[in-house]
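Values below: every heavy atom of this structure, side chains too, minus hydrogens, waters and symmetry copies.
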Amino acid sequence: MSGVPGGARERVFLCRNYTAALRGLCMLMIVFSHTANEFMDIMEQCGAVWTLESGRYATGVFFFLSGYGITLSMGRNTVGGAYLWRHLLRLLLPYLIFWAAYAAAGLVVRGTLDAALLLDFVSLKMPFVDAWFFRTILVVYVVYITLAMRFGRRAGVILASAVAVYVPAMAMCGMGSWWWDTIACFPLGIAYAAFRPLRRGLRLPAMAGLVLVFAAVQVFCPSAVLRLVALPVVLCVFLAHLSTAVVAMPRLPLLSFVGGNSLHFYFMEQIPIDYCDSEAAGFAAYVVGGIVLTAALACLGSRVEKALSGRLLGSPASAGGGANKGVDA
């Protein structure tokens with residue numbers, strides 16, 4: 001019998017099942033935008049070019065959930081060298097596994113490898129792709145955890161201040177907006193983890209007011225930087241509070257698998273993109289086939305990661321706890 005008055009069921013802010021499904025959905029949006037980008041002419045004819053932006057804003061959601069999750073995690077664990085090493089391993093192992101798979105695919109499909117790939121590998125890039133998100137989240141994690149080891153809870157304020165300088169600096173230097181317009185979501189996630197009152201559910205009028213504030217910023221704000229940053233920030237706030245409207249969120253196995261292995265998906269999608277012929281396959285086969293092949297490679301990468309983690313950390317990577325617990329980093 002539920003202990004909640006009136007038999008009502010508890011509404012949990014960003015419960016594990018919700019965040020796993022949200023990560024999975026966002027990752028599928030990223031894979032879709034990257035594969036569909038190969039057919040820009042078709043997307044323009046269909047008036048669907050705007051859908052390619054979905055991957056960018058999905059990245060903002062990942063930044064938000066990462067900031068939120070790692071802040072909660074640091075509150076439950078001793079933050080030191082071992083903690084930093086575990087998180088570095090969780091990021092670097094999928095990267096190394098991807099490069100091994102990419103090299104193997106290159107030898108099978110083309111019988112050779114471009115020597116220039118070595119520079120991409122040591123630069124923490126993907127083949128012929130910048131991999132900005134991976135390098136950014138890697139740096140942010142190292143900086144945030146190191147700051148937490150030295151300054152404790154003040155680390156979030158220091159990191160937020162650095163991001164507040166980074167965003168306009170990148171804009172003034174003429175860097176493409178995809179370099180900086182979603183990074184503000186990471187300190188936003190930190191704020192939600194650090195200040196419990198922020199996690200209270202918003203009622204419908206407040207949610208509608210949030211949308212109106214966003215619209216007002218887009219129309220009246222003279223700063224292009226603020227207008228670009230506002231969309232991923234508002235989207236993250238909206239999706240975070242939407243979680244409290246879902247009572248007893250069920251586990252969605254497919255999306256949970258994608259969300260739980262999102263970094264493997266992020267890397268492995270590059271193999272079908274580079275080694276499959278988009279013109280010969282056609283739009284539908286290339287996009288759908290790319291997602292399916294990426295999923296198969298991500299599954300393989302996940303298994304390899306668990307085996308390696310068991311050897312390097314002494315135990316397999318934890319899959320997490322119950323459905324109504326907070327997200328982990």
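Taking the six-membered ring for Trp, Phe134 and Tyr266 have ring centres at least 6.0 Å apart. Checked against the 6.0 Å centroid criterion, the rings of His264 and Phe257 do not qualify as a close aromatic pair.
Side-chain contact between Val61 and Pro232 is absent, with no heavy atoms from C-beta onward closer than 4.5 Å. Within the 4.5 Å cutoff, the side chain of Val237 has no heavy atoms near those of the Phe64 side chain. At least one side-chain heavy atom of Ile145 sits less than 4.5 Å from a side-chain heavy atom of Ile70. Looking at Tyr83 and Thr78, their side chains never come closer than 4.5 Å, going by heavy atoms from C-beta outward. Proximity of Arg23 to Val258: side-chain heavy atoms (C-beta onward) are nowhere separated by under 4.5 Å. No side-chain heavy atom of Ile97 sits less than 4.5 Å from a side-chain heavy atom of Tyr102.
The local environment of CZ in Arg153 is sparse, with at most 12 non-hydrogen atoms from other residues, nucleotides or ligands closer than 6.0 Å.
Using cut-offs of 30° and 60° for the angle between ring planes, the Phe121 and Tyr95 rings count as parallel. Taking the six-membered ring for Trp and thresholds of 30 and 60 degrees, Phe98 and Phe267 have nearly parallel ring planes, at less than 30 degrees apart. The aromatic rings of Phe186 and Phe63 lie perpendicular to each other, with more than 60° between the two planes, well past the 30° mark.
Checked by atom type and distance alone, the side chain of Ser66 pairs as donor or acceptor with a backbone atom of Phe62 at under 3.5 Å. Here the side chain of Thr59 pairs a donor or acceptor atom with the backbone of Gly55 at under 3.5 angstrom.
Side-chain contact, His241 with Tyr192: a donor N or O sits under 3.5 Å from an acceptor N or O. If you check the side chains of Asp277 and Tyr286, you find no donor sitting under 3.5 Å from an acceptor. Remark: the Tyr68 side chain and the Thr19 side chain contain no N/O donor-acceptor pair separated by less than 3.5 Å.
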Assess whether side-chain contact (heavy atoms from CB on, under 4.5 Å) is satisfied between Leu117 and Trp99, documenting all intermediate values. CA-CA 10 Å; Leu117 293 176; Trp99 268 102; 3.9 Å; yes

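Residues Leu119 and Leu113 are members of one and the same hydrophobic cluster, defined by side-chain heavy-atom contacts under 4.5 angstrom among Ile, Leu, Val, Met, Phe, Trp and Tyr.
The distance from atom CG of Leu239 to atom CG of Leu22, rounded to the nearest 0.5 Å, is 5.5 Å.
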